[in-house]
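Take a look at the structure set out below.
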Amino acid sequence: MSERKPYTYLTASIDEGVARLNVAFYTADLQVMVLGVGKGRPTLNFYSAEGELKISTTGAGPVTAADVALARKITDAAACYLAECERLHTQQSTHPDQADESAA
């Protein structure tokens with residue numbers, strides 16, 4: 001079995017004048033931090049040596065109800081991601097032969 005190596009994937013496209021950018025981090029080397037706490041404009045940063053993604057308030061301005069709703073969605077999605085990673089990690093730890101098969 002060959003080991004999967006971490007990577008970052010970036011695509012950009014323009015369709016009918018609308019630009020779209022996709023960033024995918026497939027690495028455990030990803031770092032996460034929040035900047036701007038106590039300064040009126042929090043920024044959630046995901047970064048690695050290969051790229052960076054920042055999420056901040058609407059128009060980089062005052063916090064809106066939509067910003068709060070998005071922060072809640074991010075928290076809920078992160079909790080779901082954590083639970084699934086923990087479940088799979090536990091499953092792979094108790095059945096290492098299945099982890100090898102799914103990685104192939």
Do [X] and [Y] land in one hydrophobic cluster if side-chain heavy atoms of ILVMFWY residues count as linked below 4.5 Å?
| X | Y | answer |
| --- | --- | --- |
| Ile74 | Met33 | no |
| Tyr81 | Val32 | no |
| Leu70 | Leu35 | no |

Audit row: Thr57, Asp67, side chain to side chain donor-acceptor pair (under 3.5 Å) steps and yes/no
CA-CA 6 Å; Thr57 56; Asp67 296 324; 4.8 Å; no

Can you measure from CD (Gln31) to CZ (Phe25) and round to the nearest 0.5 angstrom?
11.0 Å

Rounded distance [0.5 Å steps], CG in Leu88 versus CD in Glu84
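The CD atom of Glu84 is 4.5 Å from CG of Leu88, to the nearest 0.5 Å.
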
Backbone N or O of Tyr7 within a donor-acceptor pair of the Thr27 side chain at under 3.5 Å?
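Flag not set: sc Thr27 to bb Tyr7 has no pair under 3.5 Å.
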
Within residues 10-24 or reaching into it, pairs that qualify as side-chain hydrogen bond (donor to acceptor under 3.5 Å, both in side chains) - sequence neighbours excluded
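Listed by first then second residue: Thr11-Asn22, Arg20-Asn22.
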
Any chance CG of Leu82 has more than 12 other-residue heavy atoms, nucleotides or ligands included, within less than 6.0 Å?
yes

Full working for side-chain contact (heavy atoms from CB on, under 4.5 Å) between Asn45 and Leu53
CA-CA 6 Å; Asn45 292 345; Leu53 172 69; over 6 Å; no

If every non-hydrogen atom of [X] is compared with every non-hydrogen atom of [Y], which pair is closest and at what distance?
| X | Y | result |
| --- | --- | --- |
| Tyr9 | Tyr26 | CB-CE1, 4.4 Å |
| Ser56 | Pro42 | OG-O, 2.9 Å |
| Leu30 | Ser48 | CD1-N, 4.2 Å |

State, yes or no, whether a side-chain contact exists between Val68 and Val63 at a heavy-atom distance under 4.5 Å.
yes

Val23 and Phe46: side-chain contact (heavy atoms from CB on, under 4.5 Å), yes or no, with the steps?
CA-CA 11 Å; Val23 180; Phe46 297 86; over 6 Å; no

